[in-house]
There are 2 protein chains.
Amino acid sequence: MEQKDLMLRLMKYKRVLLQFKSLGLDRVYSNNLGDALEISAALVRKDFSHFKIEGNRRGGYSINKVLGRLNRLLGDSGLQEIVIVGCGNLGKALLNHDYIREGFRITAGFDINPSQPELNNIPLYPLEILKPYVLEHHIQVGIISVPASAAMQTAEMMVNYGIKGILNFSPLQLKSREECRIHNVNIGLEIENLFFMVNQAEKKSNELS
Amino acid sequence: MEQKDLMLRLMKYKRVLLQFKSLGLDRVYSNNLGDALEISAALVRKDFSHFKIEGNRRGGYSINKVLGRLNRLLGDSGLQEIVIVGCGNLGKALLNHDYIREGFRITAGFDINPSQPELNNIPLYPLEILKPYVLEHHIQVGIISVPASAAMQTAEMMVNYGIKGILNFSPLQLKSREECRIHNVNIGLEIENLFFMVNQAEKKSNELS
DNA sequence: TAGATTGTTAATCGATTAACAATC
DNA sequence: TAGATTGTTAATCGATTAACAATC
């Protein structure tokens, strides 16, 4: 959890700072960032000092300076290429979105049986092409949006072809391994969790009254 | 984090136990569950003992007994109804999935301009219908799958109509409030994070060689 | 019995926060 | 200077783990 949370925070700092900047601001205080991320100002300062991001004891932090440092830390590694395996509705939804601002670009979709040759200017290939494509383009990260029944073998394939990171949208929980990090986005679990918390909150407010 | 993580673990226990059961097993050991969830066996026992879920010092835990207890804890509250606001590709993808096994059901989709009257037997309504629908059906949880530009006002509406939990798929980070829990699923952030971790792992292996 | 697994205590570990001196 | 904010230390807090006695 630790390292992952910290890095997610750095990415969030970056996004918030870019927003502030686009609003015309030059400097921020630790408590501005704390408010935006819903964390304490102390934690912001701690994070920054951990990475030698320095501010001014009166004037807070220079947005540009912090952004520069964050880009170096997060690897301002240009536009990264990713692929999507599984071009049903979910895959198409992801293909339709423009992620370029977020630092990556979906360059191809794969499906056992693509319903169309391209979508949003991104080519859709049959699954057989995945291996040569990944090898040729040195793809490091991919998205799985196939049905649960195909998820395991899809992941297997992707790992075999050398993919190092997978975002898995299938309901099947996949395990990370040494050679490949897998993040599971389990929509059902999230909803179930929301219901639980909502019910909790209700119980609590009933107790009070 | 604390409570939320614990509850997510309980849900994962439940899912894994259901799988084990469907495989014909009767009993499990703490280390089976630990392996499945990628946590330590000690944590499993701790969680169980915290909720007075008892096992047998030699024979592990009875799957049925644990499941019974988990259902009571998690609120085996029948099939819950949820709605989706935003029926573009992502919304359609979610509408197409059958979540009944996961304990809830999407009963309606809403869009400023629905492209079709129904999908997967679920009616799609224009946004004006959202308010009466939510009130009449006592909807507690909803999904936001609208573009970033519409996300904030969509959430505002939903909260006003009395929705208590939102799963937000738009790239705009929304804040939870007292009256309504919001979970953000930020795909861009997840991918960015994967790239970071992949690069980290690479660096580390380069250092070793 | 011998062996294995639970249940629980105490130890560890790490993340977060409080608080305040340094300083702009 | 007076006031405000950083940078950092020490304290807190809570989650996780190690370890082992209890016991099936």
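Each chain gets a letter, A, B and so on, in the order the sequences are listed, and its residues count up from 1.
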Exercise. So does S40(B) get a side-chain nitrogen or oxygen closer than 4.0 Å to the phosphate oxygens (OP1/OP2) of dT16(D)?
Worked result: no

For this session: Assess the side chains of R27(A) and S62(A): does a donor N or O sit below 3.5 Å from an acceptor N or O?
Result: no

Seminar exercise, completed: When both distances are under 3.5 Å in a Watson-Crick or G-U wobble arrangement, the nucleotide paired with dA11(D) is dT16(C)

Problem set entry | Nearest-nucleotide 5' precedence on DNA chain C, N31(B) against K46(B) | N31(B)

Exercise. Mapping E54(B) and A42(A) onto DNA chain C by nearest heavy atom, which one lands closer to the 5' end?
Worked result: E54(B)

For this session: Rounded to the nearest angstrom, tell me the gap between atom CZ in F51(B) and atom P in dT8(C).
Result: 15 Å

Exercise. Is R57(A) side chain donor-acceptor paired with the dT6(D) base, going by distance under 3.5 Å alone?
Worked result: yes

Exercise. S49(B) side chain: which of dT16(D), dG7(C), dT17(C) is closest?
Worked result: dG7(C)

Problem set entry | Between P of dT6(C) and CG of N32(B), the distance in whole Å | 8 Å

Problem set entry | Atom-to-atom span, CG of L43(A) to P of dA18(C) - whole angstrom | 11 Å

Exercise. Now, which nucleotide makes the Watson-Crick or G-U wobble pair with dT5(C), with each of the two distances under 3.5 Å?
Worked result: dA22(D)

Exercise. Taking the six-membered ring for Trp, are the ring centroids of F110(B) and Y133(B) within less than 6.0 Å of each other?
Worked result: yes

Exercise. Which sits closer to the 5' end of DNA chain D, D47(B) or G59(A), going by the nucleotide each is nearest to?
Worked result: G59(A)

For this session: With heavy atoms under 4.0 Å as the rule, sort Y61(B) into base, sugar-phosphate or nothing.
Result: sugar-phosphate

Exercise. Are Y61(A) and F48(A) an aromatic pair by the rule of ring centers under 6.0 Å?
Worked result: yes

Problem set entry | Neighbour count >12 (heavy atoms, 6.0 Å) for atom CZ, R181(A) | no

Seminar exercise, completed: Separation of dT5(C) atom P from L33(B) atom CG, nearest Å, is 13 Å

Problem set entry | Per N56(A) side chain, nearest of listed nucleotides dC24(C), dT16(C), dC24(D) | dC24(C)

Exercise. Touch check for R27(A), heavy atoms < 4.0 angstrom, all strands: base, sugar-phosphate only, or nothing?
Worked result: nothing

Exercise. Whole Å only: how far is the NE2 atom of H50(B) from the P atom of dG14(D)?
Worked result: 12 Å

Exercise. Once you round it to whole Å, what is the distance between P of dT17(D) and CD1 of I39(B)?
Worked result: 8 Å

Exercise. Have Y13(A) and D47(A) got a donor and an acceptor in their side chains that come within less than 3.5 Å?
Worked result: yes

For this session: Mind calculating the distance between OH (Y29(A)) and P (dA4(D)) to the nearest angstrom?
Result: 11 Å

Seminar exercise, completed: Rounded to whole Å, CZ of R45(A) lies from P of dT6(D) at a distance of 6 Å

